[in-house]
Structures are given as structure tokens and as C-alpha cells.
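Take a look at the structure below.
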Protein chains: 2
Amino acid sequence: MSGKPYHHGNLKREFIEKGLKYIDRYGVESLSMRKLAESIGVSSAAPYAHFANKDAFLSAIREYITDSLSDALRSELEACQDPTKVMLMLGRRYVLFFYENPLYFQFLFTRKDIDFISYEPFLLFRPVAEEFLKGLHGKQLSGESLRCKTTAMWALVHGLAQFALIGGVLDKNNLEQEINSILCAVEV
Amino acid sequence: MSGKPYHHGNLKREFIEKGLKYIDRYGVESLSMRKLAESIGVSSAAPYAHFANKDAFLSAIREYITDSLSDALRSELEACQDPTKVMLMLGRRYVLFFYENPLYFQFLFTRKDIDFISYEPFLLFRPVAEEFLKGLHGKQLSGESLRCKTTAMWALVHGLAQFALIGGVLDKNNLEQEINSILCAVEV
DNA sequence: ACGCAATCTTATCACTGTCAAGATTGAAAA
DNA sequence: TTTTCAATCTTGACAGTGATAAGATTGCGT
């Protein structure tokens, strides 16, 4: 008879989406399960039917973000077929993703147990980088040297992403051009 | 008459040092003012005579860590006079610092208000990098290009520091050699 | 129609950061 | 020396947190 039904229906998804929005606006530190539950209009214990604990909930959000990033990179990959340019485009997209959602970066990499091996954006990155490097240096590029150069490119792009969301290092008025210039400034 | 005096004497310093140790072992997430106060043997409100709030306390620890890192870089700077090698040594020291204290990295860069402009390690880094780059490319290096290359070197070193403390990317059995190889893999 | 498993609520627990009020102290000022 | 005052610390409280147990409500398959 009352307005709300006893069962919400899509509580899990709504929790993830609202949590994502909250982090985007205020950061993780001040996010609480209770506030989130109240803002959805559900009791404070309700989320624990869907997430084992707060950490599991945050992991779900992280997965959501990582998937979004991976999707963005994949679409970039499909859009650009030029193998000499796709490297740059991927790096630029990676940096811009975190620039557009500054709080996501801190949120994603604020854990003791980060696992870069199964970090999908880099799994997408690696073959492209290797292809790119082979095209650049020919086949005399040894396995060891190839690995080092690939890692260096990862580190450069990832480090640049951190700078992009922090004031003062990059010129924000001309960000895309800036990123291009920096990524092109090194020769691997 | 009892064992402990009413006044601790050096509570502020002991709080910072114990907090540092705790973060090094368990991470920031589980650090609480109360537990820390109890482990020191002081009441839960005692720290608030020295720190405005928990955030101010954490900032003090961050400053402590950044100072330690800066000191390490400075001593590296003094030890190595060869301008062609000091670049590499600085980068290596930076990465190794965070490798030796893995939880410091997450702790330092987990804030909304990071300010890389006044981040002393990079203030030390910049002139060395510029000197290095000028020696490499001569004086035809434009101001814009110099800035981009310097930023690229920052990003590479900083990004590599993040990888170093995470399993799977770098070969930990041969870390120093690994870092050398990667830093040398790019030409700026 | 029945019953079960998923979902949600209520009540409660231990714990957290923080503050106000007051106790204790060292050191400067008289 | 005595007085006084600011710094320091304790006690006791408050609201807010994550989490759990016990029970209410519901949709769905049989």
C-alpha cells in the first residue's frame, strides 16, 4: 500500500552506481555504507546482502571503473588502425580518462594488493606496444630489451596520468597537445 | 609516585614515529588515533593537543616521509659528481626508496590535494634533469621541448616507482639492474 | 498452494574521530 | 621563593561507522 516496495529490485547495481558518483564528487574517504544506503532509501544493513563487506563493495566499484577504462581503450584501438599512431592514441586516452575523473586514479591505486599483472588496460597495452616497438627497431630487438622498453612505456604513460590530475605539472588549457608533446619527447 | 609521569615529554615526535612504523607495517587504512595512543600509553584525546585532527597528523607523517626521501636524493646527488650518471642514480634512488617502503607510496599519493609543484623530490630532480638534457642535446633544445622532456623523465621515474612496489612487473631478484635497464631503455 | 531462498529491517555491538571540562605540570614572572 | 599561566594530559561524552544476528517480507520454482 505504501510507496516503496519491500524489495528494491536492483539494489546491487544502484549501490555501485551511486557509490561511483559519490567517489567522483567527494572521494572515497568520506564514503560510508550507511549514508549511501540512506540516500537510496534503504536500511543500513541492506547492502550486506549483496556485498560481503565494505571492501568487497569498493572492489566491485574498482572493477566497474577498470572495465570502463578498458572499454575506452578498446574503442580507441578499433578507431585507429594506423600502427604508428595507435600507440600515442592509447597513451593519450589512458591519461585523459583519469584527467576527466580525477578521483578515480587515487581510488584505484589506493590498496596494498594492487595487481598490475591482471590490470586489463595494460594487458591491452602490451601487444600494441610490442608491435609498435618491433616496427620501430626491426627484429634485432632482443626479448629482454623489448620487455624493458615496453615497461618503460607503461611507466611513462601511467606516471603521466598521475601528473595530469594534479595541478601545476601539465598545461591544462592545452592538455591534449601537451600530452602528445610529452609522449613524443622520448624515443624508446 | 606512579611509574609514568603526567607529561609525556615528546609525545608529538613519538606519535609521528609510531604512526610511521604502523603505516609501514599495516598501511594507513587500519591506523587509528586511539590504538596509537593506547600503544604509547596515553589517553585517546592526548594527541589532539599536538595535532588539530587526524588529517593534520597524517600530513605531518607525510612531510616526514617526503623529507626522508629528499635527504636520500640529496646524498645521492652529493655522492655522484658525474653529470652523465647522476640522472640515472637519482631515478634509481627514487624508485628504490618506495620499493623499500612499499606502503609509503600509496600513503603519500592518496589524497585529493596532492601538490606536485612543491614536491621537493621533483624540485631536486628538475635542475639535474635539465642539465643532463642540455648536455645531451646541446643548446638547440628549445624551452618548450626541454620542459616536455623533463616532464617525461619525471613521469617515467615516478610511474616506475609505482610498478616497483607491485608484484609482477619488475624482476625483484635483480631489481637494481632491472631499473637501470628500463631507465636506459628510453632516450629523451 | 506451498515452501524455500533471497532480500530487506530492526536492534545491537565494538570501534572510531573529536570535543568540552577539568586535572596536572613545567616554566616564566613576580 | 611563590605565584601564575599556558601547555599538556585525562575523563567522559557524543555522533557516526562497519558489521552481525534475528526476524519480517517477498518472489519464484515446484
Side-chain angles (χ1 to χ4, degrees), chain A residues 1-23 25-64 103 106-107 110-113, chain B residues 1-23 25-64 103 106-107 110-113:
Chain A
M1 187 59 61
S2 83
K4 308 176 205 170
Y6 192 91
H7 279 18
H8 178 281
N10 266 328
L11 189 54
K12 185 171 184 177
R13 174 154 55 222
E14 186 160 358
F15 242 87
I16 292 182
E17 286 171 358
K18 279 231 174 180
L20 203 67
K21 271 185 200 165
Y22 191 95
I23 291 174
R25 239 175 283 182
Y26 310 107
V28 216
E29 309 85 29
S30 58
L31 180 147
S32 93
M33 300 295 264
R34 300 180 95 107
K35 274 189 293 185
L36 214 54
E38 192 187 17
S39 88
I40 290 179
V42 96
S43 89
S44 67
Y48 294 95
H50 302 275
F51 309 99
N53 48 33
K54 187 181 185 181
D55 220 58
F57 169 59
L58 294 181
S59 288
I61 298 189
R62 272 189 271 264
E63 199 177 326
Y64 192 98
L103 295 181
Q106 256 101 27
F107 172 59
T110 301
R111 291 174 297 157
K112 285 181 278 189
D113 61 334
Chain B
M1 191 56 63
S2 84
K4 308 176 204 170
Y6 193 90
H7 279 17
H8 178 281
N10 267 329
L11 188 55
K12 184 171 185 177
R13 174 154 54 223
E14 185 160 0
F15 242 87
I16 292 183
E17 286 171 358
K18 278 230 175 182
L20 202 67
K21 271 185 200 165
Y22 192 94
I23 291 174
R25 240 175 283 181
Y26 310 107
V28 216
E29 309 86 28
S30 57
L31 180 147
S32 95
M33 301 294 265
R34 298 180 97 107
K35 274 189 293 185
L36 214 54
E38 192 187 16
S39 89
I40 290 180
V42 96
S43 89
S44 68
Y48 293 94
H50 303 274
F51 309 98
N53 48 33
K54 186 181 185 180
D55 220 58
F57 169 60
L58 294 181
S59 288
I61 298 189
R62 271 189 272 265
E63 200 177 325
Y64 192 98
L103 296 181
Q106 256 101 26
F107 172 59
T110 301
R111 291 172 298 156
K112 286 180 278 190
D113 62 334

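Letters go in sequence order (proteins before strands), and every chain restarts at 1.
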Between the protein and nucleotides 3-5 of chain C, which nitrogen or oxygen pairs come in under 3.5 angstrom?
none

Applying side chain to side chain donor-acceptor pair (under 3.5 Å), name anything that partners [X], two or more places apart in sequence or on another chain.
| X | value |
| --- | --- |
| B:Lys35 | B:Tyr22 |
| A:Glu14 | A:His8 |
| A:Lys21 | none |

Taking only the side-chain heavy atoms of [X] (C-beta and beyond), determine which of [options] contains the nearest atom.
| X | options | result |
| --- | --- | --- |
| B:His50 | D:dT8, C:dT18, C:dT7 | D:dT8 |
| B:Arg34 | D:dC9, C:dG17, D:dT17 | C:dG17 |
| B:Lys35 | D:dG18, C:dT16, D:dT10 | C:dT16 |
| A:Ala45 | C:dG17, D:dG18, C:dA11 | C:dA11 |
| B:Leu11 | C:dT18, C:dC8, D:dC9 | D:dC9 |
| B:Met33 | C:dG17, D:dG18, D:dC9 | C:dG17 |

Please report how far the helix from C:dA1-D:dT30 to C:dA30-D:dT1 bends, comparing the axis fitted to its first five pairs with the axis fitted to its last five, to the nearest 10 degrees.
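End-to-end axis angle for the helix from C:dA1-D:dT30 to C:dA30-D:dT1: 10°, rounded to 10°.
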
What is the minimum heavy-atom distance between B:Gly27 and B:Leu103, and which atoms define it?
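Shortest heavy-atom contact: N-CD1, 3.3 Å.
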
Mind calculating the distance between [atom1] ([X]) and [atom2] ([N]) to the nearest angstrom?
| X | N | atom1 | atom2 | result |
| --- | --- | --- | --- | --- |
| B:Leu36 | C:dT16 | CG | C1' | 14 Å |
| A:Glu29 | D:dT17 | CD | P | 14 Å |
| A:Glu38 | C:dT10 | CD | P | 13 Å |
| B:Phe51 | C:dC19 | CZ | P | 15 Å |
| A:Leu31 | D:dG16 | CG | C1' | 14 Å |
| A:Tyr48 | D:dA22 | OH | P | 18 Å |
| B:Arg13 | D:dT8 | CZ | P | 13 Å |
| A:Lys12 | C:dA6 | NZ | P | 13 Å |

Is there side-chain contact between A:Arg13 and A:Ile16, with heavy atoms separated by less than 4.5 Å?
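Not in contact.
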
Residue pairs passing the side chain to side chain donor-acceptor pair (under 3.5 Å) test where at least one lies in residues 36-52 of chain B, sequence neighbours excluded:
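Residue pairs passing side chain to side chain donor-acceptor pair (under 3.5 Å), neighbours aside: none found.
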
Separation between CD of A:Glu17 and CG of A:Leu20, rounded to the nearest 0.5 Å:
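Output value for this atom pair is 8.0 Å.
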
Identify all side-chain donor-acceptor contacts of residues 51-64 of chain B below 3.5 Å with residues at least two apart in sequence or on another chain.
{"from": "B:Asn53", "atom 1": "OD1", "to": "B:Asp55", "atom 2": "N", "distance (Å)": "3.3"}
{"from": "B:Asn53", "atom 1": "OD1", "to": "B:Ala56", "atom 2": "N", "distance (Å)": "2.9"}
{"from": "B:Lys54", "atom 1": "NZ", "to": "B:Leu31", "atom 2": "O", "distance (Å)": "3.0"}
{"from": "B:Ser59", "atom 1": "OG", "to": "B:Asp55", "atom 2": "O", "distance (Å)": "3.2"}
{"from": "B:Arg62", "atom 1": "NH1", "to": "B:Phe107", "atom 2": "O", "distance (Å)": "3.2"}

Please determine whether a side-chain nitrogen or oxygen atom of A:Ser43 lies at a distance below 4.0 Å from atom OP1 or OP2 of C:dT10.
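No, no such contact exists.
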
Just by modelled atom types, is the B:Thr110 backbone N or O under 3.5 Å from a matching donor or acceptor in the A:Gln106 side chain?
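Side chain of A:Gln106 to backbone of B:Thr110, a donor-acceptor pair under 3.5 Å: no, none is there.
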
Strand contacts (DNA chain D) in residues 52-60 of chain A, 4.0 angstrom heavy-atom criterion:
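By residue number: A:Asn53, A:Lys54.
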
Taking only residues two or more places apart in sequence or in another chain, which ones pass salt bridge (charged side-chain N to carboxylate O under 4.0 Å, His left out) with A:Glu29?
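Applying salt bridge (charged side-chain N to carboxylate O under 4.0 Å, His left out) to A:Glu29 gives B:Lys112.
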
